[in-house]
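Structure record follows, encoded as structure tokens.
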Amino acid sequence: MRELLAEYAAGTLDPARRSQVEAHLATCADCRADLAGWLRLAAAAGPPADPPPASELVYRVMVRSALAEPTPARSPGRFSLALVLAEARLLRIPVLVASALVLALTVALAATQTAAPDGWSGDILALVAPVVAAIGISGVYGPQRDPAFEVVAATPTAARLILLVRIALVFGYDLALVMAASGVVTAVGADAAGVPALIVAWLGPMALLSALCLLLTVWVGPDIAIGAVLTLWALRVLAGNVLADVTGLVKFLHVVWSTSPATGSATAVLVLAAVVLAGRGEPIRRSRATHLP
């Protein structure tokens with residue numbers, strides 16, 4: 001019965017419940033004491049004020065807005081720094097750690113190829129680095145991978161700008177990792193071609209596959225994007241033996257896994273297409289994070 005005392009003191013109980021409470025109060029001293037406290041609280045609060053008419057309320061808001069001090073505009077540099085720091089906090093630590101571990105294992109595997117008479121351990125780095133970067137890029141957009149997707153969609157900052165910042169952060173992180181891995185591979189003598197040759201081996205495919213994964217993530221979602229990249233990777237692995245006779249496929253994969261003006265141009269086109277598509281809605285899939293009429 002005590003849970004009804006606050007409503008009884010406020011006068012919001014229906015007649016039937018009010019009669020039950022009054023009958024109980026006649027025989028319960030503890031509840032009468034509790035009710036006295038609720039009555040004092042109700043008296044101190046006073047009667048509820050009537051809201052102003054809608055037209056008056058709008059007028060007050062407009063006047064207050066006109067008389068308020070304008071918010072000082074932030075400089076572009078401070079805004080950019082704040083945006084980068086905010087987006088950096090949204091990067092998923094497990095993905096970053098997994099990328100570092102995979103590349104560390106790749107370096108260890110490449111080091112074992114030192115004794116091979118005609119093997120080039122840099123091929124291993126060129127094969128793994130693009131896939132690591134592309135999978136990392138798949139998490140920069142969409143409600144399936146982005147925990148703050150709905151919040152970001154409601155902010156005044158353009159979705160395309162946020163997407164570009166996240167691309168720079170994730171790709172820059174992976175780029176730094178692969179650069180460090182290239183230096184280690186060269187330092188341990190696993191590849192005699194040197195760091196510049198290693199960079200040429202993985203930079204083009206890393207940028208191209210990351211751009212392809214980004215476009216597919218924005219367009220149809222990260223799962224399909226990752227599947228497409230892994231399919232290309234599997235074909236690249238098989239092109240050296242099982243699919244060596246498929247000349248057209250081998251030539252196509254050779255273009256993809258190279259650093260050239262063609263891969264650079266294709267990367268730019270794919271990134272531009274992804275940025276244009278970003279902000280036009282959620283990736284295409286059967287179930288959406290929000291209901292669209």
Side-chain angles (χ1 to χ4, degrees), residues 74 76-107 125 128-184 199 202-203 205-230 233 267-268 270-283 285 289-290:
R74 289 185 296 177
R78 294 183 60 184
F79 172 76
S80 300
L81 178 60
L83 180 60
V84 170
L85 293 177
E87 293 304 319
R89 289 195 293 267
L90 294 177
L91 298 181
R92 295 182 297 168
I93 300 301
V95 175
L96 303 181
V97 173
S99 299
L101 290 177
V102 170
L103 287 173
L105 292 175
T106 302
V107 171
L125 191 60
V128 174
V131 178
V132 171
I135 293 177
I137 287 293
S138 70
V140 302
Y141 185 87
Q144 292 175 286
R145 296 288 189 273
D146 181 6
F149 181 81
E150 301 292 343
V151 176
V152 169
T155 61
T157 305
R160 295 181 177 91
L161 177 59
I162 294 176
L163 179 63
L164 288 173
V165 171
R166 291 183 178 180
I167 294 170
L169 288 171
V170 175
F171 190 80
Y173 171 79
D174 290 326
L175 185 63
L177 285 180
V178 185
M179 289 286 290
S182 300
V184 173
I199 294 176
W202 54 256
L203 182 58
M206 179 175 170
L208 182 58
L209 265 65
S210 296
L212 175 62
C213 194
L214 174 66
L215 175 60
L216 292 177
T217 297
V218 174
W219 187 19
V220 292
D223 296 334
I224 295 178
I226 294 175
V229 169
L230 291 179
W233 179 82
T267 298
L270 292 175
V271 171
L272 179 60
V275 172
V276 170
L277 286 177
R280 294 189 175 184
E282 300 175 10
R285 59 188 189 283
T290 55

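Nearest heavy atoms, Val229 versus Leu209: CG1-CD2, 3.9 Å. Annotation for Ala134 and Cys213: closest pair O-SG, 3.2 Å, computed over non-hydrogen atoms. Annotation for Met206 and Leu175: closest pair CE-N, 3.6 Å, computed over non-hydrogen atoms. Of all heavy-atom pairs spanning Ser138 and Pro222, the tightest one is O-CB, 3.6 Å. Of all the heavy atoms in Leu96 and Leu91, the pair that sits closest is CD1-CB, 4.2 Å. Residues Val178 and Trp202 come closest through the heavy atom pair CG1-CE2, 3.2 Å.
Leu101 CG to Leu177 CG: the interatomic distance, rounded to the nearest 0.5 Å, is 10.0 Å. Within the model, atoms OG of Ser99 and CG of Asp174 stand 5.0 Å from one another, a figure rounded to the nearest 0.5 Å. Between Arg166 atom CZ and Leu161 atom CG the span is 11.0 Å, to the nearest 0.5 Å. Note that CG of Leu214 and CG of Leu277 are 9.5 Å apart. Values are rounded to the nearest 0.5 Å.
Residues Leu208 and Leu270 meet the side-chain proximity criterion, which asks for heavy atoms closer than 4.5 Å.
Screening Thr217, Ile224, Val218, Asp223 for a side chain to side chain contact (heavy atoms under 4.5 Å, CB included) with Val220, the sole residue that qualifies is Ile224.
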> Run the side-chain contact (heavy atoms from CB on, under 4.5 Å) check on Leu163 and Ile167 step by step: do they pass?
Replying inline: CA-CA 6 Å; Leu163 179 63; Ile167 294 170; 3.9 Å; yes

